[in-house]
Q: 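Shown below is the structure under consideration.
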Amino acid sequence: MPGAILVDEVMSADVLTARPDVSTLEAMRMMAVRGVGSIVVTNGDDRPLGIFTDRDLFSKIVLKNLDPASLPVGEVVTRDIVSVGSGSSLDDAHEIMMSGDFRHLIVTDENGSMKGIISVKDLIRHRERALEKKVNEKTSELMETSKQLMKSLNTIEREMYHAGKFQKHLVEKKYPRIPGMRFSHVYEQSLHLGGDFFSVSRIGKGHVGIFVADVMGHGITSAMIALEVKMNLNFIAEGRLSTSEVIGKMNKELIPLMPEGFFVAGFYGIVDISTLEMNYTQFGLPRPVLLRCDKFRASPLQPGNMPIGIRVGTEYVEGKTQVRPGDKLLLFTDGCSEQKDSKKRMYGDRRFVDNFKALSARGEKDIVGTLHRNVKKFAGRQPITDDIAILLCEFSRCDYADKKTSRSSGASLKK
Amino acid sequence: MEFKLEERSQGDVVVLDVRGNLDTQSAPTLKVRLDSLVNFGHQKIVLNLSDVGFIDSTGVGSLIYAQKIINPIKGGLRIIGITPRNLNVFSVMNLTDVFSIMKTEEAAVGSFHSDDSTVH
């Protein structure tokens with residue numbers, strides 16, 4: 001059998017032998033000295049006459065109450081010797097031993113001459129060694145695979161780190177200068193790459209678009225979808241002043257590309273710089289909050305729509321609100337509200353908004369920074385499980401008043 | 001509460017009892033189980049969410065995933081036992097009409113059979 005282990009590789013060639021007239025006691029002593037369980041009886045040549053084993057000691061001597069010192073071994077040997085041919089496979093030898101309950105087989109050549117002996121012990125020892133060798137080989141293979149895997153992981157980690165830095169740079173672009181509006185944000189990716197992003201951009205000369213999106217999940221897929229959303233936004237939003245139209249078109253574009261179970265939640269608002277009228281479409285994010293400067297009341301913006309990427313042909317609706325100088329618009333992704341503490345409790349929308357109200361008298365950078373810190377404080381030692389994006393837009397009193405004064409024919413605020 | 005999924009059969013309908021929070025950590029487990037059910041030919045699935053503490057956006061994503069992999073012509077997904085708190089998550093995201101949310105298991109299981117009679 002090609003590749004099979006042969007008995008010759010495992011057998012003991014140095015066979016313990018004795019002449020038939022040697023006493024059984026002497027034969028037993030010889031076996032004990034050599035540490036073997038059998039002795040082959042010969043006439044001094046390589047033709048075995050029989051075999052005496054430790055099993056024979058009990059069955060033929062102890063049980064029959066015979067005296068081994070006066071009993072020649074030749075009288076108690078097993079003469080019906082079972083042998084296996086040299087060149088046989090170890091599996092064949094094993095099979096013979098198992099079928100006949102033999103513990104020793106004499107290995108003979110084609111002429112019947114004894115070449116060696118193989119015992120159950122030899123067989124087990126060999127199997128153990130073979131197994132150990134296999135385990136060692138497999139362990140080495142596993143270690144090599146693990147090394148390669150670690151190398152690949154490190155490469156991916158490094159790539160993701162750089163891509164994440166690049167993504168952060170893409171998201172955190174400088175805000176355009178817009179009279180009467182100030183922006184501040186916090187952006188933290190839970191992995192190197194995130195699915196959150198926001199953008200503030202001018203639409204023509206008179207409007208500004210404010211967009212916040214949260215792609216479900218985080219990691220490479222979410223980051224790629226976020227990039228696609230951003231590119232779509234740049235392309236679709238150009239020259240359009242209806243937020244529902246932009247979001248509807250974006251839904252249509254993204255649905256065929258969206259992996260199953262992914263979706264994009266977000267908010268898109270367009271503010272008329274001269275009137276501070278804002279139309280907006282929100283789609284599945286925690287409700288954006290408009291904090292009115294005169295009433296110090298935070299009101300969630302209505303109505304809502306379902307996220308992008310779920311249903312073909314969704315009709316998105318938009319709301320309209322009149323923003324006033326001193327108002328603050330807070331947009332945040334669910335990474336803020338869904339953060340958990342060590343007891344698996346969620347931070348929650350309400351806590352986040354109440355926190356915002358309590359901080360409202362502060363400057364916009366201080367507000368977003370503190371909101372973020374409070375979420376992290378709540379998390380304690382728990383990891384940040386989702387991306388966090390907070391965008392605050394403050395409509396400035398002074399800037400807006402100056403602008404209105406300098407424009408004698410400017411549009412009036414819609415009350 | 002440890003996340004756990006237990007499966008029961010009601011004729012050709014599989015009822016999956018979900019226990020624990022349906023969030024970033026557990027959502028992949030639910031998706032794998034749903035994949036396996038669908039791959040074994042089950043297309044009528046009832047998700048019992050009565051023992052779900054909270055659902056976050058990734059958890060919602062796993063339910064949308066379920067909705068997409070189940071063939072609506074051969075069966076569908078029904079959700080039962082949703083708590084007011086978790087229903088609010090769906091409301092905030094305007095997803096209540098995306099899912100078939102039913103009051104009882106009997107109604108959910110029965111709806112498949114009435115759907116059958118409609119189809120035939």
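These values consider heavy atoms only, across backbone and side chains, with no hydrogens, waters or symmetry-generated copies.
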Q: Should the ring pair A:Phe283 and A:Tyr316 be called parallel, tilted or perpendicular, given that the plane angle runs from 0 to 90° and is split at 30 and 60?
A: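 Judged by the thresholds at 30° and 60°, the geometry between A:Phe283 and A:Tyr316 is perpendicular.
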Q: Can you name the nearest heavy-atom pair linking A:Ile384 to A:Ala379, along with the distance?
A: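 So the minimum-distance heavy-atom pair works out to CD1-CB, 4.3 Å.
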Q: Donor-acceptor pair, A:Asp341 side chain versus A:Phe378 backbone, under 3.5 Å?
A: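 No; zero donor-acceptor contacts below 3.5 Å.
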Q: Against chain B, label A:Asp214 side chain, backbone, both or neither, depending on which of its atoms sit under 4.5 Å from a heavy atom there.
A: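 Nothing of A:Asp214, per the 4.5 Å heavy-atom cut-off to chain B.
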Q: Using heavy-atom distances under 4.5 Å, tell me whether B:Gln67 contacts chain A through its side chain, its backbone, both, or neither.
A: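 Neither the backbone nor the side chain of B:Gln67 comes within 4.5 Å of chain A.
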Q: So which part of B:Ile69 gets closer than 4.5 Å to some heavy atom of chain A, the side chain, the backbone, both or neither?
A: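 When you check distances to chain A, only side chain atoms of B:Ile69 fall under 4.5 Å.
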Q: Can you tell which part of B:Thr96 gets under 4.5 Å to a heavy atom of chain A, answering side chain, backbone, both or neither?
A: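 Nothing of B:Thr96, per the 4.5 Å heavy-atom cut-off to chain A.
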Q: Could you look at B:Asp23 and say if it's the side chain, the backbone, both or neither that has a heavy atom under 4.5 Å from chain A?
A: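 Just its side chain gets close to chain A.
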Q: So, for A:Phe263 and B:Ser57, which heavy atoms are closest and what is the spacing to 0.1 Å?
A: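 Minimum heavy-atom contact is CZ-O, 3.6 Å.
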Q: Side chain, backbone, both or neither: which part of A:Asp334 has a non-hydrogen atom closer than 4.5 Å to chain B?
A: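 Answer is side chain: those atoms of A:Asp334 sit under 4.5 Å from chain B.
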Q: Is A:Glu260 close to chain B through its backbone or its side chain, or both, or neither, when contacts mean heavy atoms under 4.5 Å?
A: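 Both parts, heavy atoms under 4.5 Å.
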Q: Hey, what's the ring geometry for A:Phe267 with A:Tyr280, parallel, tilted or perpendicular (30° and 60° as the breaks)?
A: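 A:Phe267 and A:Tyr280: parallel rings.
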Q: Identify whether NZ of Lys or CZ of Arg in B:Arg19 sits under 6.0 Å from the centre of the six-membered ring of B:Phe3 and within 45° of that ring's axis.
A: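 Negative - B:Arg19 is either too far from the ring of B:Phe3 or too far off its axis.
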Q: Counting heavy-atom pairs under 4.5 Å to chain B, which of A:Ser337, A:Pro307, A:Pro259 comes out on top?
A: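 The candidate making the most pairs under 4.5 Å is A:Pro307.
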Q: Do we get A:Arg158 above A:Tyr161's six-membered ring, with its NZ or CZ under 6.0 Å from the centre and within 45° of the axis?
A: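 No, A:Arg158 does not sit over the ring of A:Tyr161.
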Q: Given that the side chain runs from C-beta out, which part of B:Leu34 has a heavy atom under 4.5 Å from chain A: side chain, backbone, both or neither?
A: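 Neither part, no heavy atoms under 4.5 Å.
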